[in-house]
Amino acid sequence: FAKEAGRIDGVVFDESMHRQAETRLDIGSYLPRAAERGELELHYQPILRIDGRTPTGFEALLRWRHPKYGLVPPAEFIPVAEETGLIVELGRWVLENALTQAQAWRAQVPGASGLRIAVNLSARQLQDHGLVATVAEAMENAGIDPSAVELEITESAVMKDVERSMTTLTRLRSMGIGLSVDDFGTGYSSLSYLSRLPVTTLKIDRSFVEGLDGSDAHARPIVAAVTMMAGALGLDVVAEGVESEDHLRELETLGVGLAQGFLWAEPMPGHQVAPWLAASAAGAPFDPR
Ligand code: C2E
Ligand code: MG
Ligand code: MG
Ligand code: MG
């Protein structure tokens with residue numbers, strides 16, 4: 001009988017769905033104040049050159065340290081922020097903080113002067129009229145060189161408004177900023193059109209890297225084709241989600257230049273970056289404890 005009571009139009013709401021909905025509402029109402037309360041933090045994941053295993057930079061990944069739910073991953077609040085438009089403000093916070101932090105490492109950590117910082121942009125940010133000014137201001141405030149900055153966008157974000165995206169990306173690129181297509185291979189954009197975007201890097205989606213273990217017969221030919229195409233277009237390639245030496249060997253054979261994944265490091269809080277770099281330079285595994 002209790003089950004019947006929870007049935008609406010054939011959908012049974014169980015305990016966990018109820019909790020999810022509750023969490024989502026909570027997140028929607030608390031998120032606008034999260035930045036002011038100092039609950040947002042950036043974690044950083046290294047990107048390495050496969051040849052030589054040397055770090056080339058870090059990707060900044062947003063987390064919310066929620067008083068009730070602990071560390072909330074972006075998948076649980078970025079979509080909410082995207083819906084309400086709050087992402088534009090959050091995105092500005094991310095840019096300011098990531099670029100300032102990265103410039104501090106470049107200036108202060110031995111051997112870090114050439115490191116780059118990658119920041120994710122959502123669809124709504126890409127369509128926002130203030131984006132170019134926001135990026136310029138964040139770079140100015142951080143005192144960071146545009147060539148050390150990489151912005152990551154997805155194919156689907158670009159597709160929301162192709163003309164506008166093209167104009168914005170062209171302006172950002174002409175400032176000297178690098179542009180990556182994130183989760184490459186999961187969207188539906190045509191290649192002819194992608195090749196016209198002023199991007200500098202393709203980030204091969206984790207799903208293809210995962211399939212390199214033989215579980216997906218299409219993974220290898222896809223990674224090979226993307227890498228060949230990128231080479232012909234003069235673009236860099238980053239493999240996302242590299243979790244094993246097997247993945248890495250496979251990617252090396254296929255000619256992929258750069259990689260990112262748990263094999264080297266999970267995204268880490270900012271204070272762990274300098275020690276991680278030191279351990280990495282010494283060829284030692286990093287122990288965060
Ligand atoms: P993304 O940009 O594709 O980021 C890569 C995601 O893969 C990150 O998840 C990272 O922790 C995860 N990852 C990295 N290496 C591995 C691996 O070896 N194995 C596995 N299983 N996962 C790996 P995260 O941090 O949860 O971020 C998820 C997504 O949230 C990001 O995907 C990005 O789309 C979005 N996001 C994160 N931070 C921001 C931000 O500041 N602004 C915007 N607009 N979006 C963000
Ligand atoms: Mg990304
Ligand atoms: Mg990605
Ligand atoms: Mg991804």
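In each ligand, atom 1 is the first atom listed, and ligand 1 is the first ligand listed. Heads up: numbering here begins at 1 and tracks the sequence.
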So is H43 in contact with ligand 1, going by heavy-atom distances below 4.0 Å?
no
Contact check, E266 vs ligand 1, heavy-atom distance below 4.0 Å
no
N120 near the Mg ion (ligand 2): N/O/S under 2.8 Å
yes
Counting backbone and side-chain atoms alike, is an N, O or S atom of E240 positioned under 2.8 Å from the Mg ion (ligand 3)?
yes
Find, among atoms of E59 that are N, O or S, the one nearest to the Mg ion (ligand 2), and state its name.
OE2
Verify the distance criterion only: is there a donor paired with an acceptor across the side chains of H66 and R37 at less than 3.5 Å?
no
Any heavy atom of G241 closer to ligand 1 than 4.0 angstrom?
yes
For the residue pair W105 and Q101, confirm or rule out a side-chain donor-acceptor distance under 3.5 Å.
yes
Using a 6.0 Å cut-off, check whether atom CZ of R164 has over 12 heavy atoms from anything other than its own residue.
yes
Name whichever N, O or S atom of D182 ends up nearest to the Mg ion (ligand 3).
OD1
Name whichever N, O or S atom of D183 ends up nearest to the Mg ion (ligand 3).
OD1
Which is closest to atom 21 (N) of ligand 1 by heavy-atom distance: Q45, E152, H247, R206?
R206
Please determine if the Mg ion (ligand 3) has an N/O/S atom from E152 lying under 2.8 Å away.
no
Enclosure of R63 CZ (heavy-atom neighbours >12, cutoff 6.0 Å):
yes
Residues H43, E41; criterion side-chain hydrogen bond (donor to acceptor under 3.5 Å, both in side chains); working and verdict:
CA-CA 7 Å; H43 285 201; E41 53 188 80; 2.9 Å; yes
Less than 4.0 Å is my threshold; does some heavy atom of Q125 fall inside it relative to ligand 1?
yes
Any atom of ligand 1 sitting under 4.0 Å from a heavy atom of A75?
no
Select the closest option to atom 42 (N) of ligand 1 among V88, N120, L90, L61, judged by heavy-atom distance.
N120
Are the charged groups of E150 and K203 less than 4.0 angstrom apart, N to O?
no
As a test of understanding, state which of T134, L90, I87 forms a side chain to side chain contact (heavy atoms under 4.5 Å, CB included) with Q125.
I87
